[in-house]
Amino acid sequence: MRTRTHPRKRSVTLTVVTGVMLVYTLLPLVWLAISATKTQEDLLGTFGLWFSGDFALFDNIGRTFAYQDGIFGRWLLNTLLYVVVGAGGATMLAALAGYGLAKFDFVGRRVVFAVILGGIAIPGTALAVPTFLMFARLGLTDTPWAIIIPSLVSPFGLYLMWTYATDAVPNEILESARVDGAGEFRAFFKLALPLLAPGLVTVLLFNLVWTWNNFFLPLIMLKDPDLYPLTLGLYQWSEQATTVGGDVVYDLVITGSLLTIIPLIVAFLLLQRFWQSGLATGSVKQ
């Protein structure tokens, strides 16, 4: 028996609103991409949303990496270090802790839940000064650890993994693994972790974006320009125009900003295929 398929209704209002949001989202990116192709003079003297006569993108990229003895490349490596160790470590810790809170019952579980919610509610900027004072006492300021260690703590990521692991990992699978003699860590890495992949990737992307765009924490923690991430380094280049005798390099700041967002775009494109729900559906026969 054939089932009749009804065509989806189209909403003009929804289409218009979606179009407006699309333009609002993409317009800054379009401006950034176009501006990165201009020279310093054209950047300040031509219309921002159209190209100028000289296509200077490749020249701007070369000058960006060569300016100040190639420090932009150092900032890029620093940012990659902070992201790989900080965001990667925060994601793994969130997965372990979230899985443990979802699948084990222990004394103080409600207290831990309240602490996690409190950590989500407190903005990171409110903790920046206490964190700085604590790290200053430990002698860790102006070191990579001043950026990496705070990045390892992700209350929101922990909460996401907790709620996701509650339903994504059936208790029957874990009980079967324990009956077969598997230890808890083996059950987690062999059985639970593949089922947690969609939630794990989501948390990883949240942590990746937060760590990659982190600005305020490096601003108060770091003094050595060789330790700067990209965000703080580009801000320093931009502020040169406000100092006496400083170089005006807005074209390099724009080009550097464009280069900065490219790894994020690539990461989203590579990881989006892992955003699949219902991996555990059908794995256990009810």
Side-chain angles (χ1 to χ4, degrees), residues 32 61-97 119 124-125 127-158 160-161 193 197 200-239 249 252-272 274:
L32 182 65
I61 293 176
R63 290 173 54 236
T64 299
F65 279 98
Y67 186 65
Q68 291 183 346
D69 297 326
I71 197 171
F72 182 85
R74 179 60 183 261
W75 294 340
L76 177 60
L77 293 178
N78 291 340
T79 304
L80 290 174
L81 172 66
Y82 300 150
V83 166
V84 171
V85 181
T91 303
M92 183 53 63
L93 290 176
L96 288 167
T125 52
L127 300 176
V129 174
T131 303
F132 171 78
L133 296 176
M134 180 176 64
F135 276 59
R137 286 289 188 96
L138 297 174
L140 295 177
T141 56
D142 206 27
T143 66
W145 297 111
I147 309 301
I148 293 175
I149 294 177
S151 300
L152 294 174
V153 180
S154 177
F156 182 66
L158 196 160
L160 282 181
M161 291 306 303
L193 199 59
L200 199 68
V201 171
T202 302
V203 173
L204 176 61
L205 286 176
F206 274 116
N207 290 332
L208 188 151
V209 172
W210 183 86
T211 307
W212 191 274
N213 295 329
N214 195 5
F215 172 77
F216 189 67
L217 185 64
L219 179 64
I220 66 173
M221 287 289 188
L222 301 178
K223 293 182 180 179
D224 186 359
D226 288 337
L227 299 176
Y228 285 177
L230 287 169
T231 52
L232 188 55
L234 292 175
Y235 171 76
Q236 183 193 52
W237 281 3
S238 177
E239 287 298 297
V249 289
L252 302 188
V253 174
I254 295 297
T255 306
S257 300
L258 179 64
L259 296 174
T260 298
I261 67 173
I262 290 177
L264 289 179
I265 296 175
V266 172
F268 270 88
L269 293 177
L270 291 178
L271 295 177
Q272 67 175 352
F274 294 100

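For residues 128-147, no pair satisfies side-chain hydrogen bond (donor to acceptor under 3.5 Å, both in side chains), with sequence neighbours left out. Applying the side-chain hydrogen bond (donor to acceptor under 3.5 Å, both in side chains) test to every pair with at least one member in residues 217-230, sequence neighbours left out, gives no pairs at all.
Interatomic distance, CG of Leu81 versus CG of Leu77, reported as 9.0 Å (0.5 Å rounding). To the nearest 0.5 angstrom, Ile148 atom CD1 is 11.0 Å from Leu140 atom CG. Put simply, CG on Leu232 and CD on Glu239 are 10.5 Å apart, with the number rounded to the nearest 0.5 Å.
The shortest side-chain heavy-atom distance between Leu160 and Phe206 falls under the 4.5 Å cut-off. For the pair Pro225/Ile71, a side-chain contact is recorded, criterion being any heavy-atom separation below 4.5 Å from C-beta on. Contact annotation: the side chain of Val129 approaches that of Leu133 to within less than 4.5 Å [non-hydrogen atoms, C-beta and beyond]. Within the 4.5 Å cutoff, side-chain heavy atoms of Trp210 are placed close to those of Ser151. Using a 4.5 Å heavy-atom cutoff, the side chains of Tyr82 and Pro218 are not in contact. Between Leu259 and Phe65, the closest side-chain pair of non-hydrogen atoms falls below 4.5 Å.
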Where do Leu208 and Phe268 land on the side-chain contact (heavy atoms from CB on, under 4.5 Å) test, with the steps shown first?
-> CA-CA 10 Å; Leu208 188 151; Phe268 270 88; 5.7 Å; no
Intermediate values then yes/no, side-chain contact (heavy atoms from CB on, under 4.5 Å), Leu227 and Trp75 = CA-CA 7 Å; Leu227 299 176; Trp75 294 340; over 6 Å; no
Hey, mind stepping through Thr64 and Trp237 against side-chain contact (heavy atoms from CB on, under 4.5 Å) and telling me if it holds?
-> CA-CA 11 Å; Thr64 299; Trp237 281 3; 4.0 Å; yes
Please assess Asn213 against Val209 for the test side-chain contact (heavy atoms from CB on, under 4.5 Å), listing each intermediate value before the final yes or no.
-> CA-CA 6 Å; Asn213 295 329; Val209 172; 3.4 Å; yes
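In this structure, Thr255 contributes its side chain and Ile61 its backbone to no donor-acceptor pair below 3.5 Å. Judged by distance alone, with hydrogens and angles left aside, the side-chain atoms of Thr260 form a donor-acceptor pair with the main-chain N or O of Gly256 at under 3.5 Å. Between the side chain of Thr231 and the backbone N or O of Asn214, at least one donor-acceptor pair lies under 3.5 Å.
The aromatic ring centres of Tyr67 and Phe72 sit 6.0 Å or more apart.
Scanning for side-chain contact (heavy atoms from CB on, under 4.5 Å) contacts around Ile254 gives Trp31, Leu32, Ser35, Ala36, Leu43, with sequence neighbours left out. Partners of Ala128 by side-chain contact (heavy atoms from CB on, under 4.5 Å), not counting sequence neighbours, listed by chain and number: Phe216, Ile220. Judged as a salt bridge (Lys or Arg N to Asp or Glu O under 4.0 Å), and not counting sequence neighbours, the contacts of Arg63 are Asp251.
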Using residues 87-97 as the side-chain source, report each donor-acceptor pair under 3.5 Å to any protein atom, sequence neighbours left out, with the distance given to one decimal.
| residue | atom | partner | partner atom | Å |
| --- | --- | --- | --- | --- |
| Thr91 | OG1 | Ala87 | O | 2.8 |
| Thr91 | OG1 | Asn207 | ND2 | 3.2 |

